[in-house]
Protein chains: 2
Amino acid sequence: MSDINYKIMAEIGVISEDKAGWKKELNLIAWNGRAPKFDLRDWAPDHAKMGKGITLTNEEVAQLQTILNEMNLK
Amino acid sequence: MSDINYKIMAEIGVISEDKAGWKKELNLIAWNGRAPKFDLRDWAPDHAKMGKGITLTNEEVAQLQTILNEMNLK
């Protein structure tokens with residue numbers, strides 16, 4: 001995945017961290033110079049490597065928030 | 001990806017749909033007979049094909065909800 005060009009514009013939050021130090025994070029990332037999108041993905045310590053993940057537009061994040069709040073998880 | 005064994009235990013919500021009918025969905029999926037986990041992923045119409053995505057534990061979904069609510073998106 002090293003030839004992908006990306007820039008982490010904002011680190012919004014860490015969702016979890018495993019024993020090996022990999023973190024599941026929500027960030028704002030500009031991929032290949034395009035407009036930044038929300039990005040939910042696993043990262044190695046110091047963002048040295050990235051795992052599989054998913055990008056989300058503002059509308060998608062708002063819809064995800066609505067769905068999660070309707071699930072009344074807590 | 002056809003040799004992966006999965007079962008969609010619950011379709012929780014559709015986050016978005018593109019012009020080709022692919023949907024970004026939040027589901028509860030049991031992968032390879034393991035305990036179901038939350039799963040955020042793109043799907044072709046009728047779940048005929050799956051795209052890249054991410055699995056989330058109950059704790060991770062709760063933490064994601066907290067982060068999203070703190071962002072006051074609306």
Side-chain angles (χ1 to χ4, degrees), chain A residues 1-6 8-32 34-45 47 49-74, chain B residues 1-6 8-32 34-45 47 49-74:
Chain A
M1 280 204 169
S2 59
D3 54 356
I4 294 177
N5 176 292
Y6 70 91
I8 299 178
M9 310 301 283
E11 297 183 25
I12 297 168
V14 175
I15 289 158
S16 64
E17 182 170 353
D18 71 12
K19 292 183 203 100
W22 279 66
K23 291 178 187 165
K24 191 165 280 175
E25 298 179 11
L26 180 65
N27 297 312
L28 206 55
I29 297 184
W31 294 93
N32 301 314
R34 290 195 299 266
K37 288 179 87 169
F38 288 100
D39 186 272
L40 186 56
R41 173 179 319 272
D42 293 309
W43 291 91
H47 294 134
K49 274 192 284 183
M50 68 174 77
K52 281 188 186 164
I54 198 160
T55 61
L56 297 152
T57 63
N58 295 6
E59 296 73 24
E60 288 171 333
V61 164
Q63 174 64 7
L64 176 59
Q65 180 187 17
T66 301
I67 290 170
L68 295 181
N69 288 339
E70 283 165 5
M71 284 167 55
N72 47 55
L73 291 161
K74 291 182 201 146
Chain B
M1 278 203 171
S2 59
D3 55 357
I4 294 176
N5 175 293
Y6 70 92
I8 299 178
M9 309 301 282
E11 297 183 25
I12 298 169
V14 175
I15 289 158
S16 63
E17 181 169 352
D18 70 13
K19 291 181 203 103
W22 278 65
K23 292 178 187 166
K24 191 166 281 178
E25 299 179 10
L26 179 66
N27 297 311
L28 206 54
I29 297 184
W31 293 94
N32 301 314
R34 291 195 298 267
K37 288 178 86 169
F38 287 99
D39 187 272
L40 185 57
R41 175 178 316 273
D42 293 309
W43 292 90
H47 294 135
K49 275 192 283 187
M50 68 174 77
K52 281 188 184 164
I54 197 159
T55 60
L56 297 153
T57 63
N58 294 6
E59 296 73 25
E60 288 171 335
V61 164
Q63 175 64 5
L64 177 58
Q65 180 188 17
T66 302
I67 290 171
L68 295 182
N69 287 338
E70 282 165 4
M71 285 167 53
N72 48 56
L73 291 161
K74 292 183 198 141

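We name chains A, B, ... by the order of the sequence lines, and we start the count at 1 in each one.
Between A:K24 and B:T55, the shortest heavy-atom distance links the atoms NZ-O, 2.6 Å. The two residues A:D42 and B:I54 make their nearest non-hydrogen contact at N-CD1, 4.3 Å. Of all non-hydrogen atoms in B:S16 and A:E60, the two that sit nearest each other are OG-OE2, 2.5 Å.
The shortest distance between side-chain heavy atoms of A:L40 and B:L64 falls below 4.5 Å.
Evaluated for a side chain to side chain contact (heavy atoms under 4.5 Å, CB included) with B:L68, the options A:T66, A:I12, A:L26, A:N69 yield exactly one hit, A:L26.
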